[in-house]
Amino acid sequence: MPGGTDQTLRPFLWRAENLYPDTEIVSRTHEGIERYTYEEYSDRTAQLAHALTDAGMGEGDRIATFCWNHHRHFETYFGIPTLGAQLHTINPLLPDEHIQFIVENAADKAIFVDPSLAEKLAGAYDADSFDSVEQFVIMGDSVPDLPFDAVAYESFIEGHDTEYDWPVVDEDQPAGMCYTSGTTGKPKGVEYTQQMLWGHTMATMTPMGLGIEDDDVVMPVVPMFHVNAWGMPFSTTAAGAKHVYPGPSPEPEDLAQLIEEEGVTITAGVPTVWLGLQEYMQAGNDVDLSELETVIIGGSAAPKAMIEWFDGHGVSVTHAWGMTEMAPIGSVAHLKSGLAEELTYEEQIDRRAKQGLIVPGLEFKVIDDDGNEVPWNGEDFGELYVRGPWVTQEYFERPEANENDFEGNWLKTGDVVTVDEDGYIKIVDRAKDVIKSGGEWISSLELENAIMANDHVAEAAVVGVPHERWQERPVAFIVPTEGADPDALAEELREQISEDYPKWWLPDDFIQIDEVPKTATGKFSKKDLREEYADEDLVEGQVPEEAAPDEE
Ligand code: ADP
């Protein structure tokens, strides 16, 4: 395409600035609530671009952020890519050695750091891994004591021109970058081109995506360091809607206050966040949810009970599925037209709790162990493959991972799913967690949900251990609630599972632990659990890990 008409982020910024100059951007920071308009946002974004240019940074440079959700972080979302540079969001919750690996691998030229995260970054800092970094910028108006030189964001941008003659940027230019958080080993970098972010923005704005409109008030609670807060800073701007950013570690009380005072209509986050809000309200705190229309839930499965609870408060849950590799949204569980009339409420909840319908623009197929496509019958399992304009086709500098995770232009998601007659995708497990026993597949996720449905269980993780006869057998690790009798509980669970599942699904043992290890994004880390118990004999007939057939 001729220069200047490519699929890039710049026109979204231009449109919001010119059509919605007075619409607000509200941000909870360590200094309190701050608010301004798209007009001022656009001025500050231009100032940031000038400051970066003066510091010798521009097209093709990778610039990192180490921040929570707030207006300054949002300024980097357009300021960096629109300059032709690449916004690399780093997850500050990762272990130090992952942060070192990521900064070195990405060769970031600058890092924007929150004051409340400066100490964490200083802890991870070592001169070798951070060799490429020429500029540290602290997201505020002062600089704490640090092992590296830094400037304050406000003085970095201060005094610069509020207009920027934005360059013509090619749509294939990398505009974003995010590393997967490493549930599957060393973090893998995913680059997003301008065109990928453009496509993801357009698709997610549609009604079968997230359906954002100009009268919405959008509050992403999902962190901006995690796959661009599901792209919402971009889609909200494209729609010309009001933004609300909840800042560092928001508590349920902070969320409740922002929802009420700012009139939030759409918010988004992982189930744990909403469980927090639910508990806060159940503890007797009155929260006015009357303006809130939609809660987008993703990252892990939205429990049915949560969808029903929100329904009871007049708020609709939109369940979405996605991955870092796909920028990230891939499917959304809207009810297809007609289904609302055809299905009972229970049946509707069933559909809405699935991972949903592929969003417009993407394609998928489901492949079984023999390489065949599985039928859409809601029962047969297979691995989900996806492809489309915002699905990456490779990892950054990781040829060995590329060989495993891609086939032609298809991304192998590692999620094991069924698809029903209406095309609703349902995740039954992750490929590396599904338990293969006697040639059949057992869904570890399904067993975990069944176990966690027991009131005396706080957390449960089910893993397959290598087995001489059956190839693998399931073992359940459970965290009982306080005061529960572990022996009686195991017996109760055995009975409960025997009633609902085939005999061979019953875990060979129920092992009591204090806590299920978690990843940096708060998901159960079965990799850590497996490593912890790798040398222990858990079940009869178990064989050592090395002797077991290789699954991956
Ligand atoms: P990782 O978990 O590998 O660090 P991501 O944050 O990209 O990386 O997570 C992607 C994975 O999260 C998906 O492949 C899927 O297993 C899980 N996931 C995302 N959304 C959902 C959902 N709505 N329901 C169940 N699982 C989900």
Side-chain angles (χ1 to χ4, degrees), residues 1-21 23 25 36-65 67 69-89 106 108-112 135 137 139 153 156-157 160-178 191-202 204-205 224-225 227-229 231-241 243 245 327 390:
M1 281 198 197
T5 58
D6 276 15
Q7 295 179 351
T8 65
L9 294 171
R10 185 180 39 82
F12 298 139
L13 173 63
W14 174 84
R15 184 174 184 275
E17 173 192 354
N18 287 287
L19 267 59
Y20 298 95
T23 299
I25 292 147
Y36 59 45
T37 61
Y38 273 123
E39 186 168 22
E40 205 176 321
Y41 171 77
S42 144
D43 288 352
R44 286 172 57 89
T45 301
Q47 289 182 306
L48 169 62
H50 280 294
L52 285 168
T53 311
D54 283 5
M57 282 171 241
E59 190 151 344
D61 286 331
R62 220 167 277 124
I63 299 173
T65 59
C67 302
N69 294 12
H70 48 69
H71 66 292
R72 294 188 181 99
H73 199 183
F74 177 44
E75 286 161 14
T76 69
Y77 262 57
F78 277 95
I80 292 171
T82 306
L83 196 58
Q86 192 176 358
L87 169 73
H88 170 204
T89 52
D108 295 315
K109 257 186 131 172
I111 307 187
F112 289 78
Q135 182 79 66
V137 184
M139 287 304 215
Y153 184 85
F156 187 59
I157 68 167
H160 285 289
D161 198 341
T162 54
E163 295 284 329
Y164 196 95
D165 188 11
W166 299 109
V168 171
V169 177
D170 195 280
E171 64 189 14
D172 294 328
Q173 171 71 38
M177 183 181 213
C178 185
E191 293 194 288
Y192 310 117
T193 63
Q194 290 273 349
Q195 178 274 326
M196 286 166 78
L197 295 180
W198 187 90
H200 182 266
T201 304
M202 294 300 269
T204 52
M205 276 172 65
M224 290 168 85
F225 56 72
V227 215
N228 301 325
M232 295 181 85
F234 297 127
S235 46
T236 304
T237 308
H243 301 238
Y245 291 104
W390 55 92

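Inter-residue side-chain proximity for Arg44 and His71 is flagged as met; some heavy-atom pair is nearer than 4.5 Å. Counting only heavy atoms from C-beta outward, the side chains of Thr8 and Pro11 approach each other to under 4.5 Å. Counting heavy atoms from C-beta on, the side chains of Leu52 and Asp61 never come closer than 4.5 Å. Here the side chains of Ile63 and Met57 are in contact, with some heavy-atom distance below 4.5 Å.
The backbone N or O of Thr201 sits less than 3.5 Å from a side-chain atom of Thr204, completing a donor-acceptor pair. Judged purely by atom type and a 3.5 angstrom limit, Arg15 uses its side chain to pair as donor or acceptor with the backbone of Ala238. Judged by distance alone, with hydrogens and angles left aside, the side-chain atoms of His200 form a donor-acceptor pair with the main-chain N or O of Ala327 at under 3.5 Å. Remark: side-chain polar atoms of Thr236 are not paired, donor with acceptor, to backbone N or O of Pro233 under 3.5 angstrom. Formation of a donor-acceptor pair under 3.5 Å by the Tyr38 side chain with backbone atoms of Asn18 is not found in this model. In this structure, Tyr77 contributes its side chain and Met224 its backbone to a donor-acceptor pair below 3.5 Å. Remark: side-chain polar atoms of Asp170 are paired, donor with acceptor, to backbone N or O of Asp172 under 3.5 angstrom. For the pair Gln195 (side chain) and Glu171 (backbone), a donor-acceptor distance under 3.5 Å is absent. Here the side chain of Asp54 pairs no donor or acceptor atom with the backbone of Ala51 at under 3.5 angstrom. Proximity of a side-chain donor or acceptor of Gln47 to a complementary backbone N or O of His160 within less than 3.5 Å is detected.
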Can Leu48 and Tyr153 be said to form a side-chain contact (heavy atoms from CB on, under 4.5 Å), step by step?
-> CA-CA 9 Å; Leu48 169 62; Tyr153 184 85; 3.8 Å; yes
- Which is it for Arg72 and Ile157 under the side-chain contact (heavy atoms from CB on, under 4.5 Å) test, yes or no, and what are the steps along the way? CA-CA 11 Å; Arg72 294 188 181 99; Ile157 68 167; over 6 Å; no
Legend entry - Evaluation steps, side-chain contact (heavy atoms from CB on, under 4.5 Å), between Phe225 and Thr65: CA-CA 8 Å; Phe225 56 72; Thr65 59; 5.8 Å; no
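For the residue pair Gly79 and Trp166, the shortest heavy atom distance occurs at O-CZ3, 4.0 Å. Closest non-hydrogen pair, Val169 versus Leu83, comes out as CG2-C, 4.4 Å. Here the closest non-hydrogen pair linking Cys67 and His73 is CB-ND1, 3.4 Å. The minimum heavy-atom distance between Arg62 and Met177, with the atom names listed, is CD-SD, 3.4 Å. Between Pro167 and Arg10, the shortest heavy-atom distance links the atoms O-NE, 4.3 Å. The two residues Cys178 and Val227 come nearest to each other via the heavy atoms SG-N, 3.5 Å.
In this structure, a donor-acceptor pair under 3.5 Å is present between the side chains of Thr53 and Tyr164.
Residues satisfying the ring pair (Phe, Tyr, Trp, His ring centres under 6.0 Å) criterion with Phe74, sequence neighbours excluded, are Tyr41, His243, Tyr245. For Phe156, there are no ring pair (Phe, Tyr, Trp, His ring centres under 6.0 Å) partners, not counting sequence neighbours. Under the ring pair (Phe, Tyr, Trp, His ring centres under 6.0 Å) criterion, Phe78 pairs with Phe234, sequence neighbours left out.
Atom-to-atom distance recorded for Glu40:CD and Glu75:CD is 8.5 Å, nearest 0.5 angstrom. A distance of 12.5 Å separates OG1 in Thr23 from CD in Glu17, rounded to the nearest 0.5 Å.
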